Amino acid sequence: MAQSAYQDIANAIRADIAARRLVEGDRLPTVRDLAQIHGAPVGTVARALDLLRADGIVVSRHGKGLFVRMFSRIRRSSPGRLSKEQWGTGKAIQDHDTNGRLRVVHVVVGEVPAPQSVADALGVPADAAVLARSRKFAVEERTVQAATSYIPLEVVAKAPSVSYTGPGKGGIYARMAEAGIGPVKFTESVICRMPTPAEAADLNLPGGTPIVAITRYAYTDAGQCVEVNEMLLDASAYALEYHFTA
């Protein structure tokens, strides 16, 4: 099946980047100039650029135009990233994803009222106080994820280090395991959607970029939910990979 004209234009720009005729930080021609270059209507060029934005290849800078942004997708591979061989040996879960790439994490910790869905999962009354660990992750100076973990205060009492902004090697799961309440089972719910304006601003997303909303539940061998983690990922920055056995 023949490709659409906008896909041809997007692929031509990708080819210019692959051949290094365009490199990181270069400004693209205007939409009108690209329309003349490719002999296509302005609307077709705009659709091609929307496709490149969604793939994280170009980014809009307000009042300045479109620029090339090179970024290798982060491979989020499960279940390996959550295995005890990862956090149980003192490695950060995010290390499994970024594999040595420059990463910066901003952490804010405090008690908050539990949202209804969180309270239901944790088995606490609605609006009961829980510990919230809010993090924002940037990889190679690009914000890629915002996440908030909710933890029951009874878990905090047994493993106080989970309330530290830096809980130590292996993170909060390692501290829970040391207290005898480490997780042995995880469930993740994954939804792809468009961000709210506040979410788009928080993640500094180019217009038209979707997010992947993941909610993870961590359970002990006794079936107690010790964490609800709500994550928002820039969909153009990640590849989600899952391994199964037959």
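Along the sequence shown, the residues carry numbers beginning at 1. A quick note: this is a predicted structure, and the numbers were derived from the prediction, not measured.
The CD atom of Glu140 sits 4.0 Å away from atom CZ of Arg101, with the distance rounded to the nearest 0.5 Å. Rounded to the nearest 0.5 Å, atoms CZ (Arg103) and OG1 (Thr98) are 4.0 Å apart. With values rounded to the nearest 0.5 angstrom, Thr220 atom OG1 is found 10.5 Å from Met176 atom CE. Note that the CD1 atom of Ile214 and the CD1 atom of Ile191 stand 10.5 Å from one another [nearest 0.5 Å]. The distance from the CG atom of Asp234 to the CG atom of Leu203 is 6.5 Å, given to the nearest 0.5 Å. Interatomic distance, CG of Asp8 versus CG of Asn11, reported as 6.5 Å (0.5 Å rounding).
Checked against salt bridge (charged side-chain N to carboxylate O under 4.0 Å, His left out), Arg135 has no partners two or more places apart in sequence or in another chain.
Inter-residue side-chain proximity for Arg216 and Thr187 is flagged as unmet; no heavy-atom pair is nearer than 4.5 Å. Looking at Val144 and Leu233, their side chains never come closer than 4.5 Å, going by heavy atoms from C-beta outward. Contact check for Tyr6 versus Val45: no side-chain heavy atoms found under the 4.5 Å cut-off. The closest side-chain heavy-atom distance from Arg193 to Pro210 is not below 4.5 Å. Between Ile13 and Leu49, some side-chain heavy-atom pair lies under the 4.5 Å cut-off. Side-chain contact between Val212 and Val190 is present, with heavy atoms from C-beta onward closer than 4.5 Å. Between Met231 and Thr215 there is no side-chain heavy-atom pair separated by less than 4.5 Å. Between Arg14 and Ile17, every side-chain heavy-atom pair lies at or beyond the 4.5 Å cut-off.
The minimum heavy-atom distance between Leu22 and Asp26, with the atom names listed, is CA-OD2, 3.6 Å. Here the shortest heavy-atom pairing between Ser161 and Arg175 reads CB-CD, 3.7 Å. Closest approach of Tyr150 to Leu122, counting heavy atoms only: O-CD1, 3.9 Å. Shown here for Gly65 and Arg27, the closest heavy-atom pair between the two residues is CA-NE, 4.5 Å. Across all non-hydrogen atoms, the minimal contact from Val23 to Val68 is O-CB, 3.4 Å. Annotation for Asp97 and Arg76: closest pair OD1-CA, 3.8 Å, computed over non-hydrogen atoms.
Paired with Val130 under the rule side-chain contact (heavy atoms from CB on, under 4.5 Å), one option of Val155, Val112, Ile151 passes, and it is Val112.
No side-chain donor-acceptor contact under 3.5 Å links Trp87 to the backbone of Ala92. With hydrogens and angles disregarded, no donor-acceptor distance shorter than 3.5 Å links the side chain of Lys136 to the backbone of Val104. Using a distance-only test at 3.5 Å, with no hydrogens or angles considered, no donor-acceptor pair links the side chain of Ser4 to the main chain of Gln7. Under the 3.5 Å distance criterion, the side-chain polar atoms of Glu199 are matched with a main-chain donor or acceptor of Thr196.
Residues Ile93 and Ile74 share a hydrophobic cluster, clusters being chains of Ile/Leu/Val/Met/Phe/Trp/Tyr side chains in contact below 4.5 Å. Placement of Leu51 and Ile211 in two distinct hydrophobic clusters is found when ILVMFWY residues are connected by side-chain heavy-atom separations under 4.5 Å, directly or transitively. Taken together through direct or relayed side-chain contacts under 4.5 Å among Ile, Leu, Val, Met, Phe, Trp and Tyr, Val228 and Leu82 form parts of separate hydrophobic clusters. Residues Val105 and Val109 share a hydrophobic cluster, clusters being chains of Ile/Leu/Val/Met/Phe/Trp/Tyr side chains in contact below 4.5 Å. One hydrophobic cluster holds both Leu66 and Leu52 under the rule that ILVMFWY side chains link at heavy-atom gaps under 4.5 Å.
Residue pairs meeting the salt bridge (charged side-chain N to carboxylate O under 4.0 Å, His left out) criterion with at least one member in residues 34-50, sequence neighbours excluded: Asp50-Arg53.
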Is there a side-chain contact (heavy atoms from CB on, under 4.5 Å) between Arg133 and Thr148? Walk through the geometry before answering.
CA-CA 5 Å; Arg133 295 181 52 84; Thr148 300; over 6 Å; no
side-chain contact (heavy atoms from CB on, under 4.5 Å) assessment of Phe137 paired with Gln94
CA-CA 9 Å; Phe137 299 90; Gln94 292 290 327; 3.5 Å; yes
Checking Glu188 against Tyr217 for the side chain to side chain donor-acceptor pair (under 3.5 Å) test, could you report, in this order, the C-alpha distance in whole Å, the side-chain angles of both residues, the deciding distance, and whether it holds?
CA-CA 6 Å; Glu188 287 191 344; Tyr217 306 90; over 6 Å; no
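No more than 12 heavy-atom neighbours from other residues, nucleotides or ligands sit within 6.0 angstrom of CZ on Arg32. For CG of Asp202, the number of neighbouring non-hydrogen atoms (other residues, nucleotides, ligands) closer than 6.0 Å is greater than 12.
A donor-acceptor contact closer than 3.5 angstrom links the side chains of Ser149 and Glu227. Looking only at atom types and distance, the side chain of Glu241 has a donor-acceptor partner in the side chain of His243 under 3.5 Å away. For the residue pair Ser236 / Thr209, no side-chain donor-acceptor distance below 3.5 Å is found, with atom types taken as modelled. A donor atom on one side chain and an acceptor atom on the other are not found under 3.5 Å apart for Ser117 and Asp120.
Checked against the 6.0 Å centroid threshold, Tyr173 and Phe186 count as a close aromatic pair.
Using a 4.0 Å cut-off between charged side-chain N and carboxylate O, Lys185 and Asp221 make no salt bridge. No salt bridge links Arg81 with Asp95; every basic N to acidic carboxylate O contact stays at or beyond 4.0 Å.
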